[in-house]
Asker: 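After the C-alpha cells below, expect a handful of questions from me.
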Amino acid sequence: MFFASDNWAGAHPNIAAGLSANAGGFSTAYGDGALDQAVYQRFSEIFEREVAVFFVATGTAANSLALTAYNKPGGISFAHRESHVIEDECGAPVYFSGGSRLHEIDGALGKIDPHNLERTIGRFAPEIVHWGRPMAVSITQSTEVGTIYGLDEIETIAAIAKRYSVPLHMDGARFANALVALDTSPAEMTWKRGVDILSFGGTKNGCWCAEAIVLFDLDRARELAFLRKRAAQLFSKSRFVAAQFEAYFKDGLWLDTARHANAMAARLAAAIEDSATAKLAWLPQANEVFAVIKKAEAEKLQAAGAAFYDWHKPHGFDGHISEDELLYRFVTSFATTADEVDRFGQLIA
Ligand SMILES: Cc1ncc(COP(=O)(O)O)c(C=O)c1O
Ligand SMILES: C[C@@H](O)[C@H](N)C(=O)O
C-alpha cells in the first residue's frame, strides 16, 4: 500500500512501451529530432495555440527556469508560503536566477489569498531600489495540499499580476489531476485565464522522467533556451522525453491516469471518513488525501505495510490535532489499485 507520493509510482506500461519503441535508430539530438518536433506540435494542439516547449528533468528545474525566464535584478517572485518553490526546492529558483527572491503569500489550504497578494505585491510596486521589485507570481495547480484553484481564482490572481506588470507562473507538477478534476481544457486552465508560463508535469502521472516548461509568451523562448542549457537541463537524447510525452498524450492516456489517481484518492478519503481511528482533514480535490490519525494507529498501519508520511499543518486548517495525533498525507497515482485502497480501508476501519 504505497501512498507516500506519486513520485514512488513507476512508469505506466504504455509510457514504457513508448520509450522502448523509440529506443532504436538515430534521431537528431538536443531537441531537434522529428519526434521532438511532433511532440512540440502536439503541445500546441492541446493548448489550442502555438506554445514553446522545453523538456527538463525535474519539476524543480521547470519551476526554477520558468521563474528565471522573467528574471530582473532585485526581482521578487510571490508564491504561497507552503509552495514547493519555497519549501521543497532547496533554493533552486533563487540559485538559478542568480539571486532573485521568493516572497511568501498567505492563504488557506495551499492557495494564495488574492487580498494578501495585492497587499504584498503592492508594497513593492514603487520599485524602491533598497527593497527590490516584483518579478513574477507563482501558483501551484493542484496545490501542495491537493487543493485546486478554480478558473475564476486563477483569473483573479492573474489580473493582480498583470496590474503589476509581472507574469503568472503555474507549477503544474500535477496539472492533469487538476485539469480532470475541474473538467476543463488545458487552454481554459492556463493562458485563457492569464497564465504566462507553465511547469507541465508528466513524471508524477505515469511518465518515467518527463517535465516540460510550456511558454505561452513566445517572446521569451530564445532566452529560455539559453537558460536551460546553462542549467545543464538540455537533454542530448531528448527523443526519450519526447517519446514519453507522445505516449502520455496518445488516446488521452494522461487524462485517464489522472482520473484514476483522483478516483483512488476519493475512495481512500471515503475509507478514512468511515474509520473510527482517523479523521479526514479536508475533502480531496485531486490525488492527495490528508487525515488526522493517532500516532500509535499510524505506526500500526505503517508496520502493516502502508507507506505514508506525516505533514506539517497547513495554514488555514482549523481542525483539531491532539497531542497524540498527527496530520498525515496520502498521495494516489495511476498505479494505485482499488484493492490496495480497500485493504488499507480494512486496516483503518
Ligand atoms: C507541487 C510540486 N511541484 C514541483 C515538484 C518538483 O518536482 P521534482 O521533485 O521532480 O523536482 C513537486 C515534487 O513532487 C511537487 O510536489
Ligand atoms: C518533495 C515532495 O513534496 C514531493 N514534491 C512530493 O510531492 O512527494
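What you are looking at is a predicted structure, and each value in this text was computed from that prediction instead of being measured. First listed ligand is number 1; within each ligand, the first listed atom is number 1.
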Asker: Establish, yes or no, whether a centroid distance under 6.0 Å links the rings of W254 and F200.
Answerer: yes

Asker: Check whether the ring centres of F55 and F235 lie less than 6.0 Å apart, and answer yes or no.
Answerer: no

Asker: Tell me which part of T60 gets within contact of ligand 1: side chain, backbone, both or neither, using heavy atoms under 4.0 Å.
Answerer: both

Asker: Could you go step by step and tell me if K162 and D196 meet the salt bridge (charged side-chain N to carboxylate O under 4.0 Å, His left out) rule?
Answerer: CA-CA 10 Å; K162 296 298 175 285; D196 297 282; 2.8 Å; yes

Asker: With N205, which of N177, N287, T257 fulfils side-chain hydrogen bond (donor to acceptor under 3.5 Å, both in side chains)?
Answerer: T257

Asker: Is the distance between the ring centroids of H103 and F124 under 6.0 Å?
Answerer: yes

Asker: Is D171 in polar range of ligand 1, meaning some N or O pair under 3.5 Å apart?
Answerer: yes

Asker: Would you tell me which option among T140, D6, V331 has the nearest heavy-atom contact to atom 1 (C) of ligand 1?
Answerer: T140

Asker: Shortest non-hydrogen contact from Q244 to I15?
Answerer: O-CD1, 3.6 Å

Asker: Out of N71, L102, V166, which one pairs with S77 under the side-chain contact (heavy atoms from CB on, under 4.5 Å) rule?
Answerer: L102

Asker: Does any N or O atom in G59 lie less than 3.5 angstrom from one in ligand 1, N or O only?
Answerer: yes

Asker: Below 3.5 angstrom, do we get any N/O pair linking R174 and ligand 1?
Answerer: yes

Asker: Assert yes or no for the condition that the ring centre distance of F47 to W191 is strictly below 6.0 Å.
Answerer: no

Asker: Which bit of N63 is near ligand 1, meaning a heavy atom under 4.0 Å away: side chain, backbone, both or neither?
Answerer: side chain

Asker: Applying side-chain contact (heavy atoms from CB on, under 4.5 Å), name anything that partners A79, two or more places apart in sequence or on another chain.
Answerer: S83, V85, I86, S138

Asker: Please tabulate, line by line, the atom pairs linking an N/O of ligand 2 to a protein N/O at a distance below 3.5 Å, with the distance in Å to 0.1, or answer 'none'.
Answerer:
| from | atom 1 | to | atom 2 | distance (Å) |
| --- | --- | --- | --- | --- |
| ligand 2 | 5 (N) | H84 | NE2 | 2.9 |
| ligand 2 | 7 (O) | R174 | NH2 | 2.8 |
| ligand 2 | 7 (O) | R329 | NH1 | 3.4 |
| ligand 2 | 7 (O) | R329 | NH2 | 2.8 |
| ligand 2 | 8 (O) | S5 | OG | 2.7 |
| ligand 2 | 8 (O) | N7 | ND2 | 3.3 |
| ligand 2 | 8 (O) | R329 | NH1 | 3.2 |

Asker: Just let me know how K204 lines up against ligand 1, side chain, backbone, both or neither, with a heavy-atom cut-off below 4.0 Å.
Answerer: side chain

Asker: Is it the side chain, the backbone, both or neither of N7 that has a heavy atom closer than 4.0 Å to ligand 1?
Answerer: side chain

